[in-house]
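Residue numbering restarts at 1 for every chain, and letters A, B, ... go by the order of the sequence lines.
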There are 2 protein chains.
Amino acid sequence: MKDLKFTDETIEDLASLLKIFGDATRIRILLCLSKRDSYVGELAEQLGMTQSAVSHQLSVLKQSKLVKTQRQGKNILYAIADDHVSSIIETGLEHVMED
Amino acid sequence: MKDLKFTDETIEDLASLLKIFGDATRIRILLCLSKRDSYVGELAEQLGMTQSAVSHQLSVLKQSKLVKTQRQGKNILYAIADDHVSSIIETGLEHVMED
DNA sequence: CTTTCATATGAACATTTAATCATATGTTTA
DNA sequence: TAAACATATGATTAAATGTTCATATGAAAG
């Protein structure tokens, strides 16, 4: 860690971001999307959840810019937004698995 | 991301771990400890929080093995447990700052 | 061994959060 | 344009969470 002085706002933003990863449903969604881009309905079916629950979480993920969307007719295709997502999950997995 | 098939338990563990990072107080504590190992009282003063609040959060951090302790007389010295901690925070910061 | 100092812990309370249900929005097809 | 389909959204509710206050534990000093 090079720079260690951050504003309160940066810290709040960081906490808000990392909070997003602290939910099993969202992790599952992100892992699914790591495999391949998917529609909401596909995610709901694969995760065994209601369309509404998945959609709510996708909206959280999108607000935090962790996923991005692309309309395709009636459907909306969701995808991982950038590399940081996988990076954070991967590092977390390392920590969890080293026990 | 090499392996993409995880058990429910692994995912729950991962979510529980990442949830720890989703709180500004805990981030602040971790950032403080990144600078140098500290006693509970030092952290409380530096963060302007009560001893109790800090201690509660330290206990959360310790349970997740994100910090480790070492008694020194009346005091207890806290330190970052391993590299994953800084790694996750760093990646999160990158994401937050790229906007 | 009693007081003091540093830290931990339990209970209580207010806030946040994730799922559900019902419904709205927006796109396609008949 | 009306019906069907995919997704989003608002309100509600139950559960989880962070702080506070009071108190307990445990080590050191007198």
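Both B:Ile29 and B:Ile76 are part of a single hydrophobic cluster, where members link through side-chain heavy atoms under 4.5 Å apart.
Between the side chain of A:Thr50 and the base of C:dC21 there is no donor-acceptor pair of N/O atoms closer than 3.5 Å.
Summarising the geometry of B:Tyr78 relative to B:Leu33, their closest heavy-atom pair is O-CD2, 3.5 Å, with the distance given to 0.1 Å.
A donor-acceptor pair is defined here as one N or O able to donate and one able to accept, closer than 3.5 Å; no such pair exists between the side chain of B:Arg26 and the backbone of B:Arg28. Between the side chain of B:His95 and the backbone N or O of A:Ser64, at least one donor-acceptor pair lies under 3.5 Å. Between the side chain of A:Ser38 and the backbone N or O of A:Arg36 there is at least one donor-acceptor pair closer than 3.5 Å.
At whole-Å resolution of the value, CZ in A:Arg26 and C1' in C:dA18 are 8 Å apart. Rounded to an integer number of Å, the gap from A:Leu77 CG to C:dT27 P is 16 Å. Rounding to whole angstrom units, CD of residue A:Gln63 and C1' of C:dA18 are separated by 15 Å. If you measure from atom OH of A:Tyr39 to atom P of C:dT28, you get 12 Å, rounded to the nearest angstrom. The nearest whole Å value for the distance from the CD1 atom in A:Ile20 to the P atom in C:dT16 is 15 Å.
To the nearest 0.5 Å, atoms OG1 (A:Thr25) and CG (A:Leu61) are separated by 10.0 Å.
Residues B:Ile76 and A:His56 each lie close to DNA chain C; by heavy-atom proximity, the contact nearer the 5' end of the strand is made by B:Ile76. The residue among B:Lys74 and A:Gln57 whose nearest nucleotide of DNA chain C lies closer to the 5′ end is B:Lys74.
Note that the first and last nucleotides of DNA chain D, 5' to 3', having any atom under 4.0 angstrom from a heavy atom of chain B are D:dT17 to D:dA28.
Among the protein residues, B:Lys62 comes within range of no part of the nucleic acid, since none of its heavy atoms lies under 4.0 Å from any strand.
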